[in-house]
Structures are given as structure tokens and as C-alpha cells.
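Numbering of residues begins at 1 and proceeds along the displayed sequence.
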Amino acid sequence: MGDKCEGGRMKSHESKVARMEDILSLPVQDPPYAEFSAANINWVKVEGGRQGGDDIALIPFSRVDDFVKGESSNAECPASFRVESRRKRPEGSLNKPRVDGYLEYTLYWCSYGPEDYRDIEPHIGENSSIKPASGKGSRPGRRHMMRGCLCHFTVKRLYTRPLLALIIYNQRNHVDKTGAPCHGILDQEAVGTRAMYAPRISEELRQKVMAMLHVGISLDMIVQHHMEEVQRHGGPQNRDDFLTRNDVRNMERLIRNSSHELHSNDHCSVKMWVQRHHKHVFYFQENCGSEPLILGIQTDWQLQQMLRYGHSGSVASHTASGSKKLKYTLCSLLAFDTSHNAIPVAWIITSSSLSQHIHKWMPSLVERIRGKDTRWRPNAVVVDDPAFEASVIREAFQCRVLLCIWHVRRRWLKGLLKYCNNFDVQREMFKHLGRIVYCTRSGSSTSDAVEEFMQIYIDQSAFIEYFRSKWLPKVELWVSSVRNLPVAGQEPYASIESYHIRLKSRVLSLLPANSYQRVDLLIHALTTQFHSFYWFDQYIAETGYFENLRDRFSLTNPWYQAMHIPDIDVLLDEENLHFAKVVSQGDSSVVYTIWNPGSEFGFCDCSWSMLGNICKHTIKVAIFCRCRQIARPLLSAQVYRQTLLNLLQNLPDDPLVLEHAIAHVTRLQQDIKSLEDLSNSGLLQPLSSGTNSIPAENIQPYPRIN
């Protein structure tokens with residue numbers, strides 16, 4: 001894409017002449033491409049005024065970077081547009097703003113200009129400090145690329161319409177002051193030199209090399225891999241293909257000399273990081289007075305993954321707080337790839353409760369995403385914090401909200417493994433804890449369910465004391481959320497838990513365990529090594545390169561592993577659904593037992609589960625039971641099933657009553673379908689707390705339905 005250097009082709013994209021006062025009447029253009037250039041826009045030429053003769057167009061402000069990238073990808077005149085100058089003014093600073101008044105003003109200029117050093121290269125013994133004819137001083141390190149290019153454009157974020165950007169193309173052609181092409185394939189003097197290509201390596205290649213360096217790939221291996229790639233596609237074709245050892249060495253030196261500590265004061269350091277990486281920040285609120293720190297981070301790569309996997313998929317939250325390693329709360333938003341791996345697509349760091357300020361940062365994130373694709377919408381948002389305001393999430397994402405209780409499951413299981421030594425007692429207590437979570441759906445109160453649990457297992461004093469001190473204040477909130485929100489299935493639990501383990505081992509384990517832990521260190525760890533780990537794993541999966549490193553970097557999770565266990569290896573007695581067995585995939589003579597199969601509180605005796613984790617055997621049995629309709633993956637589904645069975649067991653004898661019952665059932669079926677549609681749209685509200693159903697104690701396993 002891109003306009004030609006001589007501009008002839010672009011004339012077909014020009015419309016009638018307009019006055020600057022009429023710019024707000026111009027159509028807002030949003031080309032349906034990930035990146036787009038001037039060739040994809042219909043331009044209007046301005047009449048009179050300071051911009052007389054310039055071409056103008058309106059685009060969404062969120063697409064400015066896509067336009068700059070598209071213009072840099074001009075096939076005939078590859079370029080790199082740098083920010084020559086930038087100005088900002090705060091909202092409310094103008095009483096009577098001009099129609100083209102700006103909140104932000106940015107001047108982009110082709111990196112091959114405006115200075116021209118082609119004719120003043122110094123000879124031996126001559127003074128090398130001569131200034132170019134353009135009148136501007138020398139730019140250190142850029143003399144070799146300056147060829148007098150006058151191509152430049154201005155972007156104004158309009159004061160009266162902040163969501164729109166006015167592009168003013170002052171000079172669309174890559175020419176010098178004589179009007180002749182000065183770089184690219186149309187410049188005869190540039191043929192055979194690097195001036196045929198972009199002056200710098202692309203941002204994509206830079207990110208790729210930096211990620212490889214962060215994960216520990218050696219300089220020699222990176223250079224060798226790049227040379228093999230160039231040879232594979234037939235030799236050098238662009239600036240990226242000329243990547244040298246020196247380029248990689250410079251980036252390696254940059255990483256080695258970089259520091260998380262940009263300022264001795266942590267708050268100042270965070271603010272400096274935000275200023276330097278403003279493109280990766282979708283929300284920032286300083287810690288000032290009663291206002292807490294809120295920082296929302298999303299890199300370009302993370303945005304791409306959210307657009308790719310979040311649309312028509314699930315977006316889940318992982319909340320980490322209250323540990324010795326974390327000074328503030330860290331929330332990771334996750335999307336699930338085709339292998340069910342949880343990929344971090346955004347991070348939110350706050351010094352306050354995350355749930356209290358979700359209404360501040362979440363709309364900004366959704367606006368950023370839909371600025372790239374207005375059709376983007378997930379099927380569901382899965383939250384792991386019962387304090388989240390579901391109404392805010394529904395309104396922002398326009399989809400249903402599910403509750404994920406993996407935190408509760410994991411911590412309760414770890415507590416049982418730590419404080420209780422009898423395996424049989426562990427699995428029975430774990431099953432009973434699950435009934436506490438769903439107690440209000442079966443007609444019991446939370447206090448009664450908890451009291452019953454403590455009375456039954458009063459001899460397990462160590463766990464009871466742990467439960468009383470750590471969980472008693474929180475149980476009511478979780479039970480209330482389970483009553484008001486649908487609960488997610490087990491499969492996402494496994495992926496979220498796998499992410500939790502990686503976050504803990506690759507980030508939190510590196511942080512100092514004291515009260516002086518700095519926020520800038522957490523930001524640095526997330527956006528460098530941890531971010532690169534996920535990028536590199538996807539690079540291996542998509543390209544097949546570095547297969548010898550797959551064991552070191554590959555992402556695997558019990559959900560993905562469970563999909564590779566054949567059904568024939570699942571052993572289940574439908575007459576006794578208290579347990580199931582799964583044959584080991586590594587050793588067929590080993591069989592694992594899963595107690596309470598199909599439930600979120602299923603418990604396996606494999607080594608991974610005995611560490612408090614969700615294992616692939618538990619997930620496989622849950623999927624198997626759901627597909628065969630042998631057992632229920634959710635305790636709430638048991639209540640629903642039992643209600644229907646009770647209706648079937650008490651059919652009315654009166655034909656007239658039966659006829660009315662059939663009509664009611666038919667209408668109920670239609671109502672349930674409508675409720676599903678509402679839930680998928682995020683419009684279904686929870687029932688009142690007074691709703692009752694059949695006690696879970698009386699639920700019996702139901703037979704297979706053929």
C-alpha cells in the first residue's frame with residue numbers, strides 16, 4: 001500500500017476543494033485494514049488559509065498509528081516517519097477554539113529529510129561540522145541518511161471532537177526541493193544502496209529481536225536465524241533484511257544498560273515510564289491525595305492478541321494481591337488461544353481495591369479495542385473477584401459475565417493438603433466445601449452450611465482454624481456471587497491456574513519480599529521478560545523455528561493436555577458415580593482415581609493434583625461426563641436437572657391439566673432460549689436472593705440419556 005512518489009496515482013483520491021471551516025462536515029474514514037496509507041483515503045484539498053493547497057482527511061484518532069505504519073510501508077518509497085514536533089494542551093484551556101483547534105498536534109516527517117547531506121560529504125582533512133543548506137543543524141547519527149526529503153504531514157486531535165484526528169498532508173511525495181525523487185526505487189542514485197529501503201529496521205523486527213534477547217537467545221543465534229530467513233525468501237528485499245550484528249549488539253547493550261529505576265522516587269519513576277511508553281498505556285491515574293494509583297498497560301502485541309482471541313471468545317481476569325511480593329494489586333486480563341493457553345492481553349496495577357475503580361479503566365480499554373475493530377465483542381467475561389461490579393462489565397463489553405472460583409478451589413485444596421493428613425478425609429471435606437459455595441441454591445443459609453461443616457469435621461482443628469481465620473469473612477461474598485452470577489466451567493480454571501503459576505515463578509519470585517518493593521520493578525518485569533516469554537512461545541508455535549527450545553518455552557495447560565486423552569482411557573461406572581479412573585498416558589499400568597467426578601471440586605490422586613493444582617485427569621473426566629451426560633460439571637446444574645426429574649416423576653393424570661402443562665413446558669422452552677440470548681448479550685439480570693430450589697443433599701446421579 002502507499003502513494004507513489006510522483007503523486008500521479010493519488011489524484012484519483014482527491015475530492016473537491018473545501019474551506020478549513022467545513023472540516024467537521026467531512027466524512028470520517030476508517031479503512032477496513034490493520035494498517036492503511038494515503039492511497040486508502042479520499043482526500044480533500046483545502047482552499048485558502050494557512051493550509052491552502054494541502055490535502056486533508058478525518059480519521060478516528062485511535063487509527064493514527066495504523067496510518068503512520070501504512071505510510072511507512074510504501075513499496076516504491078519505503079520510509080520511516082519520525083515525530084518532528086509535538087504539542088499538547090489540556091481540555092478546557094480554550095474558550096473559543098477554532099474549528100481545527102487541537103488537543104494534540106504532531107508533525108511527522110520522513111526520516112530521509114528535511115536536511116540534505118548528499119552533496120556535502122566531507123573529504124579527508126575537511127571540516128565535518130558544516131551545516132546543511134536547509135538551515136537546520138546536524139542530527140547526530142543521521143547524516144548518512146539525510147537526502148532532503150520534504151514528505152511530511154500533520155495530525156491534529158481536534159479540540160471539539162477528541163475522538164477524531166485531522167490529517168493535513170503538506171507534502172505527499174517523497175521528493176527533494178527540486179521536485180525529484182530522493183530515495184526509493186524511483187531515485188536512480190539510490191539504486192543499489194540502502195537508500196532504496198527504509199532508513200531503519202521496522203518496529204516489528206526490533207520487537208522481535210528484543211524479545212529474543214530477553215528470553216536468552218544468543219546474539220549469534222539471532223543473526224544466524226535472521227540470515228536463514230532472508231535466504232529462505234530469496235535474498236534482501238527491504239531494510240529489515242540488512243539486519244547486522246551491530247544492530248543486534250546495540251539492542252543487547254540497550255537491554256543490559258536499561259533499569260527499572262528511572263528515578264529514585266518510585267512514583268516519579270512510574271510517571272516517567274508512562275511518559276516514555278504512552279502508546280502502551282490505556283489508562284493512568286497518579287497516586288495523589290485520596291486518588292489511588294491506577295495504571296492500565298497494553299502493548300501493541302497484547303492488543304493484537306485480544307482482538308484475535310477475545311472476539312467471540314472469553315476474556316478472563318486474574319487478580320493477585322495481598323502477598324508479600326506485591327505492594328499493589330495486579331490484575332491480568334487473559335485471552336485463550338487455540339491451545340487453550342491463557343495469554344495476558346492487558347495488565348492493571350492499582351494501589352486501591354481493583355473493583356472500586358473498575359468503572360474508570362475498563363471503558364478506556366474497551367474504547368481502545370473497538371477503536372481498532374468496532375465489531376469486536378467477546379462471548380463472556382470471566383471474573384475471579386466477587387467484588388467486581390458485573391453491571392459495569394456488562395455495559396462495557398456487552399456480553400455475559402461469569403464467575404470463576406478457581407481462587408477458592410485452589411486455596412481450599414492447598415489448605416486441606418497442608419492441615420489434613422488423611423486422604424479420605426481430604427476428599428470428603430473438599431466435596432463438602434463445594435456444597436457450602438452452592439448452599440443458597442439448595443435452600444440453606446451460608447451460616448448454617450458453614451456451621452454444619454465445622455461440626456462434622458470438628459476433629460480437623462488445624463484446617464478449621466485456618467478456614468475460620470482466612471475464609472469466614474469472605475465466604476458470604478463468594479456465596480452471594482455464586483447465587484447471582486453463572487459459574488464458569490472447569491476448563492478455564494486450568495488455564496488461569498497455569499498462568500498464575502507462571503506469573504509466580506517468572507515475575508513474583510524475582511520481586512523482593514519486603515514493604516519497599518517498587519512498582520516500577522513490577523512494571524519492568526511484566527513488560528520485558530514476561531511479555532517476551534509469551535511472544536516467543538507464540539513465535540515458536542506459528543513458525544516452527546527454535547523447536548529445540550520448545551520444552552523450555554512451550555505453554556501447556558491441563559485443559560489442552562486433557563483434550564489429548566482418548567475417551568477409551570476414562571473408566572467410569574455409571575452405577576457408582578462417586579469416582580472415576582483415568583489411565584496414565586505415560587504408563588498404561590498406572591491408573592489415577594478422580595473423586596467427585598464432573599464437579600469443580602473433583603479431586604485426583606495424581607502428583608500434580610496433590611500439590612493443590614487442577615490436573616488434566618480431572619478436566620478430562622469433567623469433559624467426558626458433560627459430553628456423555630453422565631454427571632454434571634456444575635453443582636448448580638444438578639439442581640436444575642433434579643427439578644426437571646421431579647416434574648417427570650409426577651406427571652398429572654388429568655388430560656386437561658396435562659394439556660395445559662404441555663403448553664407451559666413449550667412456552668418455558670422458548671423462554672429459556674430467550675434468556676440464553678439475553679445472557680449472551682450481557683442483559684440478563686440476576687435473580688433476587690429469595691429464590692429457592694431443591695436441596696443439593698437430595699440430588700441423585702441421573703442415568704445416561706441416549
Not counting sequence neighbours, which residues clear salt bridge (charged side-chain N to carboxylate O under 4.0 Å, His left out) with [X]? List them please.
X    : result
D176 : R118
E252 : none
R253 : none
D241 : none

Those residues that, when tested against [X], pass side-chain contact (heavy atoms from CB on, under 4.5 Å) (two or more places apart):
X    : result
Q29  : I41, N42, A57
S80  : S111, P199, R200
H524 : S258, H260, T528
R161 : L24, L158, L164

Strictly by salt bridge (Lys or Arg N to Asp or Glu O under 4.0 Å), give each pair with a member in residues 206-216 just once, sequence neighbours left out.
E203-R206, K208-E229
Set of ring pair (Phe, Tyr, Trp, His ring centres under 6.0 Å) partners for H267, sequence neighbours left out
none
Can you list every side chain to side chain donor-acceptor pair (under 3.5 Å) pair that touches residues 212-228, not counting sequence neighbours?
D220-R245, Q224-E228, H225-Y539
Any ring-ring contact (aromatic ring centres under 6.0 Å, His included) involving residues 54-74? Give me the pairs, sequence neighbours left out, ordered by first then second residue.
F36-F67, F67-F153
Judged by atom type as modelled, is there a donor-acceptor pair below 3.5 Å linking the side chain of D240 to the main-chain atoms of S202?
yes
